[in-house]
Number of protein chains: 2
Amino acid sequence: MSSTSARRGTRLATDDWTDAALEVLRTQGRAGITINALCDHLGVTRGSFYWHFADLDALKEAVTERWCKDTGQVLEALAVLQQLPPVDRVRAMTMHLLDEGSSSIEVALRDWARTDAKVAEAVAEADRTVFAAVEQALVQIGRSAADARVLAGVLVYAGIGFAHGDHGLPRPTPDEVDRLLTLIT
Amino acid sequence: MSSTSARRGTRLATDDWTDAALEVLRTQGRAGITINALCDHLGVTRGSFYWHFADLDALKEAVTERWCKDTGQVLEALAVLQQLPPVDRVRAMTMHLLDEGSSSIEVALRDWARTDAKVAEAVAEADRTVFAAVEQALVQIGRSAADARVLAGVLVYAGIGFAHGDHGLPRPTPDEVDRLLTLIT
DNA sequence: ACCTGAACACCGTTCAAGT
DNA sequence: ACCTGAACACCGTTCAAGT
């Protein structure tokens, strides 16, 4: 019962709850998020939660907001890639998707998105940003606007599908990614 | 098609519960499946459920089994497409994916798959079957084995992603599907 | 300002008892 | 064989009361 949580003896800030929720999301998925579990993790009782949040929905909102900020930074990092040649840029984005161990958070959020309009809009926004980046790169490579749109669509949808489907399909190897990009660009 | 739905005054069979669960899955998603809701829907009390099933997990299993049977029939129908030229075959599968209103059941099942090993294996099996069909068609079109594998991968992953992402990304038009297939085949 | 602890409603589950 | 209805444990939520 070693509750290795944030500072013991000190009172909690809203961020401590958000941190705990994100960690649980990552390790146990959506189902792991229960108020009792978070309370155990933080060493407080349930009433404490309700001082910081109106209800579980408010927690979701806070977690989502945090995720958006983080994702925004990742996307900014991608913007730096603008200096790279377009093909390398697409490859970098693809690779980022593949080795992202933290995609379990993304899956959990898309899960939430299905029953929560606010989460849905946040996820949609992120999707659109990625789509635009891929589309732009393909145009710069020299594809027609129509081709770029269609190809960016498959790529981004495939990315979403990949995040959801480590079930039965083989995980693409770096070599296969290269081959795909050669075929598509 | 021997599904007699909720006849009042008569006692229930296990299939009545599975039917009800599938309908709720389709209309309300995973969250809608509660024993109380199903009982209301069928006009019985909770104890009745536990005569037919050991617990909610057993219901899941029954629903999954049913879904596998149905999906199996769809795949058999696809096998009939073997007579079509390969390109048309891939187009037919893609179109099937796009206008499938009942993909909400698939999403709900992939949802379950994340916390239930049995559901996961069923979904994985279906994924592999579709993947093999697409790969084979691409080989028959004349692509190399390696190319076919990679392209089938993106297509199937994109299909999975599409089922999950009617959020923010534009829905592909039939014209765009044609364009994609021209680019890829 | 931040938290406790009792209380309540809801849901999954069990079970003795009814037909 | 199939179902009722009471009971219990668990979880989200509220709130008066404590520091």
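Per chain, numbering begins at 1; letters A, B, ... match sequence-line order.
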- Cluster check A:Leu169, B:Val139: I/L/V/M/F/W/Y, side chain < 4.5 angstrom: no

- CG of B:Leu38 versus C1' of C:dG12: gap in Å, rounded? 12 Å

- Item | Electrostatic pair B:Glu176-B:Arg179, nearest N-O below 4.0 angstrom | no

- Query: Side-chain heavy atoms under 4.5 angstrom apart, residues restricted to Ile, Leu, Val, Met, Phe, Trp, Tyr: same cluster for B:Phe49 and B:Trp51?
  - Reply: no

- Query: What's the CH2-P distance between B:Trp51 and D:dA1, to the nearest Å?
  - Reply: 6 Å

- Parallel, tilted or perpendicular, as decided by the 30° and 60° cut-offs, for the rings of A:His52 and A:Trp17: tilted

- Query: Would B:Glu65 and B:Lys69 pass as an ion pair if we require N to O under 4.0 Å?
  - Reply: no

Restricting to nitrogen or oxygen on both sides, can you table the protein-nucleotides 13-16 of chain C pairs closer than 3.5 Å?
| from | atom 1 | to | atom 2 | distance (Å) |
| --- | --- | --- | --- | --- |
| C:dT13 | OP2 | B:Tyr50 | OH | 2.9 |
| C:dT13 | OP2 | B:Leu56 | N | 3.1 |
| C:dT13 | O5' | B:Tyr50 | OH | 3.2 |
| C:dT13 | O4 | B:Arg46 | NH1 | 3.0 |

- Query: Which pair of non-hydrogen atoms, one from B:Thr64 and one from B:Ala122, has the smallest distance, and what is that distance?
  - Reply: CG2-CB, 3.7 Å

- Note on the structure: Dot-bracket for DNA chain D, 5' to 3', Watson-Crick and G-U pairs with both distances under 3.5 Å, [ ] for crossing pairs, | for partner on another strand, reads ||.|||||...|||||.||

- Query: Side-chain N or O of B:Thr34 less than 4.0 angstrom from OP1 or OP2 on C:dG12?
  - Reply: yes

- Query: Which nucleotide in the set D:dT4, D:dC2, C:dC11 lies at the smallest distance from any side-chain heavy atom of B:Val44?
  - Reply: D:dT4

- To the nearest Å, give me how far apart CG (B:Asp40) and C1' (C:dC11) are. 12 Å

- Task: Using modelled atom types only, decide if a donor and an acceptor are shared between the side chain of B:Asp40 and the backbone of B:Ala37 within a distance under 3.5 Å.
- Result: no

- Here the distance between atom C1' of D:dC2 and atom CH2 of B:Trp17, to the nearest Å, is 11 Å

- Pair B:Glu121 + B:Arg128, salt bridge at N-O below 4.0 Å: yes

- Note on the structure: From CG of B:Leu59 across to C1' of C:dC11 the rounded distance in Å is 15 Å

- Query: Between B:Tyr157 and A:Pro170, what is the shortest heavy-atom contact and its length?
  - Reply: OH-O, 3.2 Å

- To the nearest angstrom, how far is B:Ile33 atom CD1 from C:dC11 atom P? 14 Å

- Message: Is A:His52 close enough to C:dC3 that one of its side-chain N or O atoms is under 4.0 Å from OP1 or OP2 there?
- Response: yes

